Amino acid sequence: MVDLYEPMHPYDSGFLDTGDGNRIYYEQLGNPEGKPALYVHGGPGAGFPKRPTRAWDPAAYRVIRYDQRNCGLSTPHASDPAADMALNTTQHLIDDMERLREHLGIERWLLDGASWGSTLILAYAQQHPERVSEIVIQAVTTTRRAETDWLYRGVGGFRPEAWDRFRDFVPESERDGDVHRLLAAYARLMEHPDRAVREQAANEWLAWEDAVIEGEPNGIPGMYSDREMDDRIAFVRICSHFFSNGAWLEEDQLLRGAHKLAGIPGVLVHGRYDMGCPVQTAWELAKAWPDAKLHIFDDSGHVGSQDMAATVRQALEDFKSRR
């Protein structure tokens, strides 16, 4: 097992102006002359963890982490009803990553992330493969409509009481049929002028997310709802916006485009009992991307495990000297 390094704190931070009223918060850690690596957070809308990181060799890596549009410290925050969600799509986020790379004067960087972060990494890398040196992904998802249908309906077969509550919060006319109608109903509630309505909708959504994950191996009760109310509202407003629109990706787009990743080494790490992101997607991606190696762990789900974390750290060790 790779030992953890001493806590790494930012040596630089700032805001990137996107030119359309958004400002993206970022910070840099480690060695300014080291190998560039970008951490891409999940959600969408979760923001990156603000605690110090210990997984990266501070002498070898120049680590950049940032908050995607409308969450974390980026502005405007999605808890503000004036924040325009039309300016937050997958393509906007891809463009923000590329704009940040250019702003920081980076030629190529390693990409690391999990869950929604894996979707955004794959989408970016398929548009800009020449800018990506390596990829490390945990909890692989491509945000296909079939995957979204599983997360927000199919897995309800294991948690029927929680799913009924999630479904029944929206108007009866929008509960059945394509699950994206249900998610769109939540998205509309998150645009409601009454903050109390937005708060209640956010709480119901997050109660479902908690129910999915807490029964997994190493599941954490209240993992999604354990955040400040403004961050809950932002998270759900962004998630419902993205998922009700299929993340503006064609079905199977990222699997069909995996050939564009040829020559980019990848490490995929997945828990076999991940209830929210079934391992099938990771398996299909590994078959379509010959330069990627898939590690499946029987002791974990979406939250991960010590063995999963050690595998990620080992990948970062293996890649740190690669140019």
Side-chain angles (χ1 to χ4, degrees), residues 1-5 8 35 37-44 46 48-49 51 53-57 60-61 63-65 109-126 132-144 147 150-151 155 209 212-213 215-220 223-224 254-255 258 261-322:
M1 180 179 293
V2 178
D3 291 332
L4 290 171
Y5 291 98
M8 192 191 304
K35 179 186 180 77
L38 180 71
Y39 176 74
V40 184
H41 68 70
F48 73 82
R51 60 181 178 272
T53 181
R54 301 183 62 192
W56 307 82
D57 182 345
Y61 277 107
V63 179
I64 300 97
R65 53 188 191 180
W109 47 12
L110 179 152
L111 302 179
D112 170 64
S115 194
W116 160 257
S118 67
T119 295
L120 185 52
I121 284 172
L122 293 169
Y124 173 89
Q126 290 181 21
V132 181
S133 56
E134 303 88 13
I135 292 173
V136 180
I137 290 175
Q138 308 154 68
V140 180
T141 177
T142 63
T143 316
R144 290 178 289 179
E147 294 172 51
W150 168 261
L151 175 56
V155 74
E209 299 271 12
V212 170
I213 211 166
E216 293 182 347
N218 309 315
I220 301 173
M223 176 175 166
Y224 286 96
L254 299 181
L255 291 176
L261 306 176
I264 302 175
V267 174
L268 311 177
V269 182
H270 208 98
R272 187 177 300 280
Y273 301 105
D274 188 326
M275 294 295 289
C277 303
V279 70
Q280 179 69 29
T281 295
W283 182 259
E284 293 174 1
L285 178 61
K287 289 198 298 181
W289 178 12
D291 294 287
K293 183 175 182 180
L294 172 61
H295 303 263
I296 300 173
F297 292 86
D298 290 333
D299 66 342
S300 59
H302 199 72
V303 175
S305 66
Q306 287 297 319
D307 287 344
M308 282 180 66
T311 301
V312 170
R313 293 199 298 273
Q314 186 61 60
L316 300 179
E317 286 293 298
D318 293 343
F319 288 146
K320 70 181 183 182
S321 299
R322 185 177 179 275

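Heads up: numbering here begins at 1 and tracks the sequence. Values in this document were obtained by computation on a predicted structure and should not be read as measured data.
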What are the two closest heavy atoms between Thr141 and Cys277, and how far apart are they?
CB-SG, 3.9 Å
Give me the atom names and distance for the closest heavy-atom approach of Tyr5 to Trp56.
CD1-O, 3.3 Å
Taking atom types as modelled, find out whether Gln138 and Ser118 have a side-chain donor-acceptor pair closer than 3.5 angstrom.
no
Would you say the side-chain atoms of Glu216 pair up with the backbone N or O of His302, donor to acceptor, closer than 3.5 Å?
yes
Can you find a pair of side-chain heavy atoms, one from Leu111 and one from Ile137, that are under 4.5 Å apart?
no
At their closest point, which heavy atom of Leu316 faces which heavy atom of Tyr61, and how far apart are they?
O-OH, 2.6 Å
Any donor-acceptor N or O pair under 3.5 Å, side chains Arg322, Ser133:
no
Sole candidate of Thr119, Leu268, Ile121, Asp274 that passes side chain to side chain contact (heavy atoms under 4.5 Å, CB included) when paired with Val140:
Leu268
On a heavy-atom basis, which atom in Phe319 and which in Lys35 lie closest, and how many Å separate them?
O-CE, 3.2 Å
Pair Val132, Tyr124 - check side-chain contact (heavy atoms from CB on, under 4.5 Å), show working.
CA-CA 9 Å; Val132 181; Tyr124 173 89; 3.8 Å; yes
Which heavy atom of Pro217 sits nearest to which heavy atom of Tyr273, and what is that distance?
CD-CB, 3.9 Å
So which atom in Gly276 and which in Leu151 form the shortest heavy-atom distance, rounded to 0.1 Å?
CA-CD1, 3.7 Å
Only pairs under 3.5 Å count here: list side-chain donor-acceptor contacts from residues 289-297, not counting sequence neighbours, and write none if there are none.
residue: Trp289; atom: NE1; partner: Ile264; partner atom: O; Å: 3.1
residue: Asp291; atom: OD2; partner: Gly263; partner atom: N; Å: 2.8

By side-chain contact (heavy atoms from CB on, under 4.5 Å) - contacts of Ser305 (at least two apart):
Asn218, Asp299, Ser300, Asp307, Met308
